[in-house]
Engineer: 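This structure is in C-alpha coordinates; I'll ask about it shortly.
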Amino acid sequence: MHHFLEKAQQLKQRLNWSLIFGVSFFLIVIFSLIKITTGVSDWLVENKDAQIKHLAVQGEPKYTDEKAIISAIKKADLSSFFELDVKHVQRLVQSLPWVATASVRKQWPDTIQVYVVEHEAVAHWNDDLLLNQSGEVFQASSNKLPNTLPKLYGPEGSEVEAWTAFGQFKAMLKVNNLELTSLALSERFSWQLWLDNGIRLNLGRKEKAKRVQRFIDVYPRMEQRVDAQIDVVDLRYDTGLAVSWKPLQEEQLENKSKA
(Lines give C-alpha, C1' and ligand atoms only; values in the text may rest on other atoms or scores of the structure.)
Protein backbone atom coordinates (compact mmCIF):
# COMPACT_ATOMS: atom_id res chain seq x y z
CA MET A 1 0.00 0.00 0.00
CA HIS A 2 2.80 2.33 0.93
CA HIS A 3 4.52 1.58 -2.39
CA PHE A 4 1.31 2.39 -4.28
CA LEU A 5 0.97 5.78 -2.53
CA GLU A 6 4.58 6.60 -3.34
CA LYS A 7 3.99 5.87 -7.05
CA ALA A 8 0.90 8.05 -7.05
CA GLN A 9 2.79 10.90 -5.46
CA GLN A 10 5.54 10.69 -8.12
CA LEU A 11 2.94 10.67 -10.90
CA LYS A 12 1.26 13.73 -9.40
CA GLN A 13 4.59 15.57 -9.29
CA ARG A 14 5.24 14.73 -12.94
CA LEU A 15 1.78 15.98 -13.91
CA ASN A 16 2.33 19.21 -11.99
CA TRP A 17 5.67 19.84 -13.73
CA SER A 18 4.13 19.05 -17.13
CA LEU A 19 1.34 21.51 -16.44
CA ILE A 20 3.80 24.15 -15.31
CA PHE A 21 5.95 23.66 -18.43
CA GLY A 22 2.88 23.71 -20.68
CA VAL A 23 1.49 26.90 -19.19
CA SER A 24 4.92 28.52 -19.24
CA PHE A 25 5.44 27.67 -22.92
CA PHE A 26 1.99 29.02 -23.76
CA LEU A 27 2.71 32.27 -21.93
CA ILE A 28 6.08 32.62 -23.68
CA VAL A 29 4.43 32.17 -27.09
CA ILE A 30 1.74 34.75 -26.28
CA PHE A 31 4.36 37.21 -25.02
CA SER A 32 6.49 36.71 -28.16
CA LEU A 33 3.48 37.30 -30.44
CA ILE A 34 2.64 40.49 -28.55
CA LYS A 35 6.22 41.73 -28.91
CA ILE A 36 6.28 40.91 -32.62
CA THR A 37 2.92 42.58 -33.22
CA THR A 38 3.98 45.63 -31.23
CA GLY A 39 7.27 45.77 -33.13
CA VAL A 40 5.56 45.58 -36.53
CA SER A 41 3.03 48.20 -35.45
CA ASP A 42 5.77 50.54 -34.24
CA TRP A 43 7.70 49.97 -37.49
CA LEU A 44 4.62 50.80 -39.57
CA VAL A 45 4.02 53.95 -37.53
CA GLU A 46 7.62 55.02 -37.98
CA ASN A 47 7.50 54.39 -41.73
CA LYS A 48 3.92 55.42 -42.51
CA ASP A 49 5.16 58.63 -44.11
CA ALA A 50 7.70 56.90 -46.36
CA GLN A 51 7.44 58.74 -49.66
CA ILE A 52 7.81 57.51 -53.23
CA LYS A 53 11.15 58.87 -54.44
CA HIS A 54 11.85 56.85 -57.59
CA LEU A 55 9.74 56.11 -60.69
CA ALA A 56 10.88 53.37 -63.07
CA VAL A 57 9.24 53.24 -66.52
CA GLN A 58 9.63 49.89 -68.29
CA GLY A 59 8.54 48.57 -71.66
CA GLU A 60 9.35 50.09 -75.03
CA PRO A 61 7.05 53.08 -75.56
CA LYS A 62 7.60 54.51 -79.04
CA TYR A 63 5.03 57.28 -79.20
CA THR A 64 4.65 58.16 -75.51
CA ASP A 65 7.36 60.33 -74.01
CA GLU A 66 8.68 59.10 -70.68
CA LYS A 67 8.20 62.58 -69.24
CA ALA A 68 4.48 62.35 -70.05
CA ILE A 69 4.25 59.03 -68.20
CA ILE A 70 6.04 60.41 -65.15
CA SER A 71 3.87 63.52 -65.23
CA ALA A 72 0.74 61.34 -65.24
CA ILE A 73 2.04 59.29 -62.29
CA LYS A 74 2.76 62.43 -60.29
CA LYS A 75 -0.93 63.34 -60.39
CA ALA A 76 -1.39 60.60 -57.78
CA ASP A 77 -0.63 61.04 -54.08
CA LEU A 78 2.95 59.78 -53.71
CA SER A 79 3.37 60.88 -50.11
CA SER A 80 2.96 57.40 -48.61
CA PHE A 81 4.41 54.15 -49.94
CA PHE A 82 1.85 52.06 -48.03
CA GLU A 83 -1.24 54.14 -48.86
CA LEU A 84 -0.46 54.60 -52.57
CA ASP A 85 -3.35 53.35 -54.74
CA VAL A 86 -1.66 51.44 -57.60
CA LYS A 87 -4.99 51.07 -59.41
CA HIS A 88 -5.31 54.85 -59.52
CA VAL A 89 -1.77 55.18 -60.90
CA GLN A 90 -2.61 52.53 -63.52
CA ARG A 91 -5.69 54.48 -64.64
CA LEU A 92 -3.68 57.70 -64.89
CA VAL A 93 -1.05 56.10 -67.13
CA GLN A 94 -3.65 54.35 -69.28
CA SER A 95 -5.38 57.69 -69.87
CA LEU A 96 -2.44 58.74 -72.06
CA PRO A 97 -3.40 58.59 -75.76
CA TRP A 98 -0.99 55.91 -76.94
CA VAL A 99 -1.02 53.67 -73.85
CA ALA A 100 -3.02 50.47 -74.31
CA THR A 101 -2.23 48.82 -70.96
CA ALA A 102 -0.09 49.60 -67.93
CA SER A 103 0.87 47.49 -64.93
CA VAL A 104 2.03 49.17 -61.72
CA ARG A 105 3.75 47.73 -58.69
CA LYS A 106 5.48 49.11 -55.62
CA GLN A 107 9.03 48.14 -54.74
CA TRP A 108 10.18 48.73 -51.18
CA PRO A 109 11.25 51.13 -49.89
CA ASP A 110 10.49 54.08 -52.20
CA THR A 111 10.00 53.00 -55.85
CA ILE A 112 7.14 52.59 -58.29
CA GLN A 113 7.65 50.41 -61.36
CA VAL A 114 5.36 50.98 -64.34
CA TYR A 115 5.34 48.68 -67.37
CA VAL A 116 3.74 50.30 -70.42
CA VAL A 117 2.36 48.64 -73.57
CA GLU A 118 1.32 50.95 -76.39
CA HIS A 119 -1.29 50.59 -79.11
CA GLU A 120 0.05 49.40 -82.45
CA ALA A 121 -1.61 51.64 -85.03
CA VAL A 122 -2.54 49.67 -88.15
CA ALA A 123 -4.94 52.07 -89.89
CA HIS A 124 -6.56 55.48 -89.83
CA TRP A 125 -10.24 55.39 -88.93
CA ASN A 126 -12.63 58.08 -90.21
CA ASP A 127 -9.67 60.48 -90.60
CA ASP A 128 -9.47 61.58 -86.94
CA LEU A 129 -9.03 58.24 -85.16
CA LEU A 130 -6.77 55.19 -85.33
CA LEU A 131 -7.26 51.44 -85.20
CA ASN A 132 -4.97 49.02 -83.36
CA GLN A 133 -4.17 45.45 -84.37
CA SER A 134 -7.30 44.17 -82.58
CA GLY A 135 -9.57 46.51 -84.52
CA GLU A 136 -10.06 48.74 -81.48
CA VAL A 137 -10.39 52.47 -82.03
CA PHE A 138 -8.31 55.04 -80.15
CA GLN A 139 -7.48 58.71 -80.53
CA ALA A 140 -3.85 59.77 -80.75
CA SER A 141 -1.47 61.56 -83.06
CA SER A 142 2.22 61.42 -83.86
CA ASN A 143 4.61 62.54 -86.58
CA LYS A 144 6.21 59.11 -86.28
CA LEU A 145 3.26 57.36 -87.94
CA PRO A 146 4.15 55.81 -91.30
CA ASN A 147 2.61 57.43 -94.37
CA THR A 148 1.59 54.00 -95.66
CA LEU A 149 -1.11 53.40 -93.04
CA PRO A 150 -4.36 52.48 -94.83
CA LYS A 151 -7.45 54.65 -94.43
CA LEU A 152 -10.67 53.00 -93.31
CA TYR A 153 -14.11 54.54 -93.00
CA GLY A 154 -17.32 53.23 -91.51
CA PRO A 155 -20.13 53.70 -88.98
CA GLU A 156 -19.38 53.59 -85.27
CA GLY A 157 -19.18 50.00 -84.09
CA SER A 158 -18.05 48.57 -87.44
CA GLU A 159 -14.32 48.91 -86.75
CA VAL A 160 -13.56 45.21 -86.24
CA GLU A 161 -15.61 44.16 -89.27
CA ALA A 162 -13.93 46.76 -91.47
CA TRP A 163 -10.42 45.84 -90.33
CA THR A 164 -11.08 42.11 -90.80
CA ALA A 165 -12.47 42.68 -94.29
CA PHE A 166 -9.53 44.93 -95.18
CA GLY A 167 -7.09 42.15 -94.32
CA GLN A 168 -9.04 39.62 -96.38
CA PHE A 169 -9.31 41.86 -99.46
CA LYS A 170 -5.70 42.96 -99.22
CA ALA A 171 -4.50 39.36 -99.30
CA MET A 172 -6.74 38.54 -102.28
CA LEU A 173 -5.60 41.53 -104.35
CA LYS A 174 -1.94 40.63 -103.84
CA VAL A 175 -2.54 37.90 -106.42
CA ASN A 176 -2.18 40.52 -109.18
CA ASN A 177 0.29 42.68 -107.26
CA LEU A 178 -2.48 45.15 -106.48
CA GLU A 179 -2.22 47.14 -103.27
CA LEU A 180 -5.31 47.99 -101.26
CA THR A 181 -4.94 51.41 -99.61
CA SER A 182 -8.42 52.38 -98.44
CA LEU A 183 -11.81 50.91 -97.59
CA ALA A 184 -15.19 52.48 -96.86
CA LEU A 185 -18.30 50.94 -95.36
CA SER A 186 -21.43 53.07 -95.75
CA GLU A 187 -24.28 53.47 -93.27
CA ARG A 188 -26.19 50.94 -95.40
CA PHE A 189 -23.19 48.57 -95.23
CA SER A 190 -22.18 48.95 -98.84
CA TRP A 191 -18.46 48.41 -99.45
CA GLN A 192 -15.98 50.40 -101.56
CA LEU A 193 -12.26 49.77 -102.02
CA TRP A 194 -9.47 51.99 -103.33
CA LEU A 195 -6.25 50.62 -104.81
CA ASP A 196 -2.88 52.33 -104.94
CA ASN A 197 -3.17 52.75 -108.74
CA GLY A 198 -6.30 54.89 -108.33
CA ILE A 199 -8.92 52.24 -109.12
CA ARG A 200 -12.11 52.27 -107.03
CA LEU A 201 -14.15 49.09 -106.59
CA ASN A 202 -17.86 49.23 -105.74
CA LEU A 203 -18.79 45.94 -104.11
CA GLY A 204 -22.26 46.56 -102.76
CA ARG A 205 -23.55 44.83 -99.65
CA LYS A 206 -23.28 41.09 -100.33
CA GLU A 207 -20.87 38.48 -101.67
CA LYS A 208 -17.98 40.89 -101.17
CA ALA A 209 -15.17 38.35 -101.49
CA LYS A 210 -16.76 36.75 -104.54
CA ARG A 211 -16.97 40.15 -106.26
CA VAL A 212 -13.37 40.99 -105.48
CA GLN A 213 -12.35 37.67 -107.01
CA ARG A 214 -14.38 38.51 -110.12
CA PHE A 215 -12.39 41.74 -110.49
CA ILE A 216 -9.10 39.86 -110.02
CA ASP A 217 -10.07 37.41 -112.76
CA VAL A 218 -10.84 40.07 -115.40
CA TYR A 219 -8.34 42.73 -114.40
CA PRO A 220 -5.50 41.52 -116.68
CA ARG A 221 -7.75 41.93 -119.74
CA MET A 222 -8.98 45.37 -118.67
CA GLU A 223 -5.41 46.50 -118.14
CA GLN A 224 -4.58 45.76 -121.77
CA ARG A 225 -6.36 48.89 -122.96
CA VAL A 226 -3.67 51.45 -123.79
CA ASP A 227 -5.69 54.61 -124.44
CA ALA A 228 -7.42 54.93 -121.06
CA GLN A 229 -7.05 54.10 -117.39
CA ILE A 230 -9.53 52.25 -115.19
CA ASP A 231 -11.33 54.65 -112.88
CA VAL A 232 -14.24 52.79 -111.24
CA VAL A 233 -15.24 49.13 -111.43
CA ASP A 234 -18.85 48.51 -110.40
CA LEU A 235 -19.25 44.93 -109.19
CA ARG A 236 -22.76 45.28 -107.74
CA TYR A 237 -24.17 42.69 -110.14
CA ASP A 238 -24.91 39.02 -109.75
CA THR A 239 -22.75 38.43 -112.81
CA GLY A 240 -20.48 40.73 -114.78
CA LEU A 241 -19.30 44.25 -113.96
CA ALA A 242 -19.28 47.80 -115.31
CA VAL A 243 -16.10 49.81 -115.88
CA SER A 244 -15.65 53.56 -115.96
CA TRP A 245 -12.54 54.86 -117.70
CA LYS A 246 -10.58 58.07 -117.49
CA PRO A 247 -8.22 59.42 -120.14
CA LEU A 248 -4.50 59.04 -119.63
CA GLN A 249 -2.20 61.98 -119.40
CA GLU A 250 0.32 62.23 -122.23
CA GLU A 251 3.17 60.99 -120.05
CA GLN A 252 1.06 58.08 -118.75
CA LEU A 253 0.06 57.20 -122.29
CA GLU A 254 3.70 57.04 -123.39
CA ASN A 255 4.68 54.89 -120.42
CA LYS A 256 1.80 52.47 -121.03
CA SER A 257 2.64 52.20 -124.71
CA LYS A 258 6.25 51.34 -123.90
CA ALA A 259 5.11 48.73 -121.37
Engineer: For the pair T164 (side chain) and V160 (backbone), establish whether a donor and an acceptor sit closer than 3.5 Å, ignoring hydrogens and angles.
Structural biologist: yes

Engineer: Do the side chains of F215 and V243 get nearer than 4.5 Å, heavy atoms only?
Structural biologist: no

Engineer: If I compare all heavy atoms of P150 with all of W163, which pair ends up nearest, and what's the gap?
Structural biologist: CG-CZ3, 4.5 Å

Engineer: Taking all heavy atoms of A68 and all of L96, pick out the closest pair and write down the distance.
Structural biologist: O-CD1, 4.0 Å

Engineer: Does the ring center of W98 lie less than 6.0 Å from the ring center of F138?
Structural biologist: yes

Engineer: Determine, for R236 against D234, whether the closest basic-nitrogen to carboxylate-oxygen distance falls under 4.0 angstrom.
Structural biologist: yes

Engineer: Before giving the answer on side chain to side chain contact (heavy atoms under 4.5 Å, CB included), spell out for V93 and I73 the whole-Å C-alpha distance, their side-chain angles and the decisive distance to 0.1 Å.
Structural biologist: CA-CA 7 Å; V93 176; I73 295 171; 3.8 Å; yes

Engineer: As an exercise, state the distance from CG of L193 to CG of L185, rounded to the nearest 0.5 Å.
Structural biologist: 10.5 Å

Engineer: Compute both the distance and the angle, then confirm whether R225 meets the cation-pi test with W245: under 6.0 Å from the six-membered ring centre, within 45 degrees of the axis.
Structural biologist: yes

Engineer: Decide side chain to side chain contact (heavy atoms under 4.5 Å, CB included) for L173 and V212; before the verdict, give the C-alpha distance in whole Å, the side-chain angles of both, and the deciding distance to 0.1 Å.
Structural biologist: CA-CA 8 Å; L173 289 161; V212 171; 4.2 Å; yes

Engineer: Could you give the distance from CD (E159) to CG (L152), rounded to the nearest 0.5 Å?
Structural biologist: 10.0 Å

Engineer: Compute whether any side-chain donor of one residue and acceptor of the other, for S103 and Q90, lie under 3.5 angstrom apart.
Structural biologist: no

Engineer: When you measure from the side chain of Q94 to the backbone of A102, do you find a donor-acceptor pair of N or O atoms at a distance under 3.5 Å?
Structural biologist: yes

Engineer: Examine distances only and state if a side-chain atom of Q229 and a backbone atom of N197 form a donor-acceptor pair shorter than 3.5 Å.
Structural biologist: yes

Engineer: To check you understand the geometry: which heavy-atom pair defines the closest contact between D238 and R211, and what is its length?
Structural biologist: OD1-NH2, 4.4 Å

Engineer: If you measure from CD1 on I112 to NZ on K74, what distance do you get to the nearest 0.5 Å?
Structural biologist: 11.0 Å

Engineer: For the side chain of N176 and the backbone of L178, is there at least one donor-acceptor N/O pair under 3.5 Å apart?
Structural biologist: no

Engineer: If you define the side chain from C-beta out and look only at heavy atoms, does anything of V233 sit under 4.5 Å from R200?
Structural biologist: no

Engineer: Donor-acceptor pair, distance only, cut-off 3.5 Å: does the side chain of T64 make one with the backbone of P61?
Structural biologist: no

Engineer: Restricting to non-hydrogen atoms, name the atom on P97 and the atom on Q139 that form the minimum distance, rounded to 0.1 Å.
Structural biologist: CB-O, 3.6 Å

Engineer: Test Y63 against K144 for side chain to side chain contact (heavy atoms under 4.5 Å, CB included), laying out the working first.
Structural biologist: CA-CA 7 Å; Y63 299 103; K144 297 179 182 179; 3.6 Å; yes

Engineer: Measure from the side-chain N and O atoms of S186 to the backbone N and O of R188, and report whether any donor-acceptor pair falls under 3.5 Å.
Structural biologist: yes

Engineer: Given 3.5 Å as the limit, does a donor-acceptor pair link the side chain of S182 with the main chain of K151, or not?
Structural biologist: yes

Engineer: Between E118 and K62 (side chain of the first, backbone of the second, donor and acceptor by atom type, cut-off under 3.5 Å), is there such a pair?
Structural biologist: yes

Engineer: Could you state the interatomic distance from CG (L201) to OH (Y219), rounded to the nearest 0.5 Å?
Structural biologist: 10.0 Å

Engineer: Would you say the side-chain atoms of N132 pair up with the backbone N or O of S134, donor to acceptor, closer than 3.5 Å?
Structural biologist: yes

Engineer: Minimum heavy-atom separation for Q107 and F81, please, with both atom names.
Structural biologist: O-CE1, 3.5 Å

Engineer: Could you give the distance from CG (L55) to CD1 (I70), rounded to the nearest 0.5 Å?
Structural biologist: 6.0 Å

Engineer: Rounded to the nearest 0.5 Å, what's the gap from CZ on F189 to CD on E161? Could you check?
Structural biologist: 6.0 Å

Engineer: Looking at L131, T181, L183, which hits side chain to side chain contact (heavy atoms under 4.5 Å, CB included) with F166?
Structural biologist: L183

Engineer: Should V114 and Q58 be marked as a side chain to side chain contact (heavy atoms under 4.5 Å, CB included) after you check the CA-CA gap, both sets of side-chain angles, and the distance that decides it?
Structural biologist: CA-CA 6 Å; V114 181; Q58 300 174 331; over 6 Å; no

Engineer: On a heavy-atom basis, which atom in L145 and which in A121 lie closest, and how many Å separate them?
Structural biologist: CD2-CB, 3.8 Å

Engineer: Would you say that Q168 contacts K208 through its side chain, given a criterion of any heavy-atom pair below 4.5 Å between the two side chains?
Structural biologist: no

Engineer: Flag the pair F82 / W108 as yes when their ring centroid distance falls below 6.0 Å, and as no otherwise.
Structural biologist: yes

Engineer: Tell me if a side-chain donor or acceptor on R214 pairs with a main-chain N or O of G240 at a distance below 3.5 Å.
Structural biologist: yes

